[in-house]
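Following: one structure in C-alpha cells, then a few remarks.
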Amino acid sequence: MFLSRYPLCLSCERQGRVTAATDVDHVTPHRGDQALFWDESNWQPLCKACHSRKTASEDGGFGNR
C-alpha cells in the first residue's frame, strides 16, 4: 500500500531521475525495534539499487550485519 501511494524512488528524485520505487526503506534502521519498524513516518520509497546501496553503507557492506 505504501508504494502505491509513493511510487517513485525518493533518492533518485533528489538527483533529478524518475525511477519506480520497489522497496520500502526504513530511514532510521529499526534493528529489531517493532515500533520503529511499523512507524510509517520512518519509511521512504526507494528503488532496489538505492535501497541496496543505502543498506550496504549502513551495515558496512553487503550481507554484513
Side-chain angles (χ1 to χ4, degrees):
M1 256 204 302
F2 183 80
L3 292 178
S4 66
R5 285 183 289 165
Y6 304 100
L8 299 178
C9 175
L10 188 61
S11 183
C12 286
E13 277 189 313
R14 288 179 182 144
Q15 297 174 28
R17 296 190 311 257
V18 177
T19 308
T22 55
D23 297 9
V24 177
D25 176 63
H26 294 91
V27 177
T28 300
H30 61 84
R31 308 273 190 240
D33 179 332
Q34 288 296 305
L36 193 56
F37 182 88
W38 292 109
D39 180 0
E40 287 191 42
S41 69
N42 188 41
W43 296 355
Q44 65 182 342
L46 295 178
C47 67
K48 181 68 176 165
C50 288
H51 185 256
S52 293
R53 188 169 31 259
K54 180 179 178 281
T55 300
S57 70
E58 290 173 350
D59 293 347
F62 287 92
N64 297 329
R65 288 189 180 234

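As the structure is a prediction and not an experimental result, all values here were calculated from the model.
Between Gln44 and Leu10, the shortest heavy-atom contact is OE1-CD2, 3.5 Å. Across every non-hydrogen atom of Thr19 and Cys12, the tightest pair is OG1-SG, 3.3 Å. The two atoms that bring Val18 and Leu8 nearest to each other are CG1-CD2, 4.0 Å, heavy atoms only. Scanning all heavy atoms of the two residues, the minimum distance from Cys9 to Cys47 falls at SG-N, 3.3 Å. Listed here is the closest heavy atom pair of Trp43 and Trp38: CZ2-O, 3.9 Å. Residues Thr22 and Lys48 approach most closely at OG1-N, 2.9 Å, considering heavy atoms.
Rounded to the nearest 0.5 angstrom, Leu46 CG and Asp23 CG are separated by 7.0 Å.
For residues 4-15, the pairs satisfying salt bridge (Lys or Arg N to Asp or Glu O under 4.0 Å) are Arg5-Glu40, with sequence neighbours left out.
Hydrophobic clustering of Ile, Leu, Val, Met, Phe, Trp and Tyr side chains at less than 4.5 Å, counting indirect connections, unites Phe37 with Phe2.
Hydrophobic cluster membership for Met1: none, as no Ile, Leu, Val, Met, Phe, Trp or Tyr side chain comes under 4.5 Å of it.
Remark: the backbone N or O of Ser52 is not paired with any side-chain donor or acceptor of Thr55 at under 3.5 angstrom.
The aromatic rings of His26 and His30 lie perpendicular to each other, with more than 60° between the two planes, well past the 30° mark.
For the side chain to side chain contact (heavy atoms under 4.5 Å, CB included) with Pro45, the qualifying choice from Leu3, Asp25, Val24 is Leu3, the only one to do so.
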